[in-house]
Amino acid sequence: MKRGLCLIMVLVLALSLCTGCASKEANAASTADANALENEKQLLLDHWTQYLTAKEDIYSRMHWVLDYVDACLADNQWESLLKARAACNAAAAYLQDYCLPEFTLTQEQCNSLIGDGIEADLVQAEYLNLPTALGQELGTLASLDALLNHDVFLQASWESLSTWSEACRSGLEDLAQYYSLSTNYLLLQLEKAELWNNFLEQYPTLSLMTGEWEESPDALLEQGNAILNQYEERLTQMSACVGTSEYTLQLVQEALDTKDLTYLIQALHTIEDVSCYIPMPNWMLDSYVCTYRITNPGNNDQETIQAGQEIFSAPSGYYVSASATQDEVAQYAQTLASYGFSPSAGWKEENGAYQVVLLEENVSLIVEWTEDETVLYMSDPIACLIPELYLIAMTAKS
């Protein structure tokens, strides 16, 4: 009997020890899972921060361009138009080489977060859309470049530029507001409301249209959908401006086909204080790469204008790289002569290049052709390159 009682006590003690070990293992596993989840939450938050940093960077550059466009619209001065062109060009160059952040959370980590009620797929979707969104911004700048360099010479396009600029800026503000709502929504799920003020401080461009902190996820979703619908309306407004450009293109084509400049002359827009108009080479009507330079007042060196910097004076250098044949460059010299200019043209053995040089009171222009590329360079004062048909109409109008 005593032996049986002792055996039972041993079994009970062994069972309690096993239960204690199992409990410790369960607690350890639970702690490990909780720690893993916290790490995943922090990783998701880090990804969202990197995403917002990229958006802040891109959107601040876009607003910077629009500031110069609006200044140009306000005074209609050649110097302001040059600055707007330079800003558009610098921003496009900056975005073309932009290094986008990458989403590195595994699907397993995302599933773990989603299982805890945190919409990691929302962040993942935004990351997947980053290349497309960047392409849209580059497309916007390409449209603006065409408006500022070609369509700006026609009154209808000049008037639509104001509508285009306003719609573009409002669209950027709509998306910024959407990202602030998304940040609020995500911080609610992560239980990180104390980080809300960091958003306002770290992302001044994105927080321009930010409202008060919202506790209701449903209210945030409703506001977000309304903002996206409003953004679609901005895109429609910008598309209408493209329609104006198509109309002006038709006007130009009719003038070419009929040789009648009557309507084109009436449609011209005059820019104030242009130092000199020069016919644009035909090989610049399709594709080319250009950069603007500005004189540093400290050392008088010419520096390439960078996206986001203050353009404190008119650009003092304009550099174009294009594709053209030697015959086309030689023909351009004849075109300049037909408008009363006195260019010199010829082969430069020491450079292995064919050059066209125009140095007059208001013009400093050099075109150089080599087998590798064709380069056009203008220095201060930069004259206004204008499509030849507009120049013909402008001459006829005067």
Side-chain angles (χ1 to χ4, degrees), residues 55-96 133-179 204-206 208-209 227-249 267-274 290 292 305-312 314-315 384 386 390:
K55 286 293 183 180
E56 172 72 24
D57 194 16
I58 293 169
Y59 282 19
S60 66
R61 298 310 193 278
M62 296 295 290
H63 278 285
W64 172 75
V65 174
L66 292 174
D67 287 344
Y68 284 100
V69 171
D70 291 346
C72 170
L73 287 165
D75 67 15
N76 191 32
Q77 296 290 317
W78 170 236
E79 179 175 329
S80 297
L81 178 57
L82 263 180
K83 289 180 179 179
R85 289 178 175 182
C88 179
N89 177 263
Y94 181 78
L95 295 187
Q96 283 166 358
L134 181 61
Q136 289 175 339
E137 302 303 347
L138 284 167
T140 297
L141 291 173
S143 297
L144 178 59
D145 183 79
L147 284 167
L148 294 174
N149 285 278
H150 298 88
D151 297 357
V152 73
F153 299 110
L154 297 174
Q155 187 63 33
S157 296
W158 172 258
E159 292 171 355
S160 72
L161 178 57
S162 177
T163 302
W164 185 96
S165 178
E166 182 179 352
C168 184
R169 190 185 293 276
S170 296
L172 290 171
E173 291 173 348
D174 288 341
L175 291 178
Q177 188 172 359
Y178 173 77
Y179 296 133
T205 304
L206 295 183
L208 282 173
M209 306 297 290
I227 288 296
L228 291 178
N229 290 335
Q230 185 170 284
Y231 175 67
E232 292 293 331
E233 294 177 8
R234 313 293 191 197
L235 295 181
T236 301
Q237 290 176 319
M238 293 174 70
S239 297
C241 295
V242 174
T244 300
S245 294
E246 291 173 351
Y247 162 73
T248 56
L249 180 62
L268 288 176
H269 167 246
T270 302
I271 302 160
E272 301 295 333
D273 292 334
V274 175
C290 71
Y292 288 84
I305 294 174
Q306 304 297 320
Q309 80 172 80
E310 180 184 359
I311 307 177
F312 44 81
C384 181
I386 183 171
Y390 295 159

Any non-hydrogen side-chain atom of [X] less than 4.5 Å from a side-chain atom of [Y]?
X    : Y    : result
E232 : T236 : no
C72  : W158 : yes
Y94  : L141 : no
D70  : R169 : yes
Y59  : Y179 : yes
M62  : L95  : yes

Flag, side chain of [X] to backbone of [Y], donor-acceptor distance under 3.5 Å:
X    : Y    : result
S165 : L161 : no
W64  : Q309 : yes
S80  : N76  : no
S170 : A167 : no

query = Please walk me through it: do Q155 and E159 pass side-chain hydrogen bond (donor to acceptor under 3.5 Å, both in side chains)?
reply = CA-CA 6 Å; Q155 187 63 33; E159 292 171 355; 3.1 Å; yes
From [X] atom [atom1] to [Y] atom [atom2], the distance as rounded to the nearest 0.5 Å:
X    : Y    : atom1 : atom2 : answer
T205 : I58  : OG1   : CD1   : 11.5 Å
Y292 : L82  : OH    : CG    : 6.0 Å
H63  : C168 : NE2   : SG    : 8.5 Å
D75  : I271 : CG    : CD1   : 11.0 Å
R61  : E56  : CZ    : CD    : 9.5 Å
L138 : D145 : CG    : CG    : 12.0 Å

query = Is it true that atom CD of Q230 has more than 12 heavy atoms of other residues, nucleotides or ligands lying nearer than 6.0 Å?
reply = yes
task = Quickly, which of L148, V274, V69 forms a side chain to side chain contact (heavy atoms under 4.5 Å, CB included) with L81? Name it, please.
result = L148
query = Would you call the rings of F153 and Y390 parallel, tilted or perpendicular if under 30° counts as parallel and over 60° as perpendicular?
reply = tilted
inquiry  = Regarding Q177 and E173, do their side chains bring together a donor and an acceptor under 3.5 Å, going by distance alone?
reply    = no
If you compare all heavy atoms of [X] against all heavy atoms of [Y], which two are closest, and at what distance to 0.1 Å?
X    : Y    : result
G171 : Y231 : O-CD1, 3.6 Å
I311 : Y68  : N-OH, 2.8 Å
T140 : M238 : CG2-CE, 4.1 Å
S157 : D151 : CB-O, 3.0 Å

key: Qualifying salt bridge (Lys or Arg N to Asp or Glu O under 4.0 Å) pairs, either residue in residues 83-95, two or more places apart   = E79-K83
task = Kindly determine whether L175 and K55 satisfy side-chain contact (heavy atoms from CB on, under 4.5 Å), including the steps that lead there.
result = CA-CA 10 Å; L175 291 178; K55 286 293 183 180; over 6 Å; no
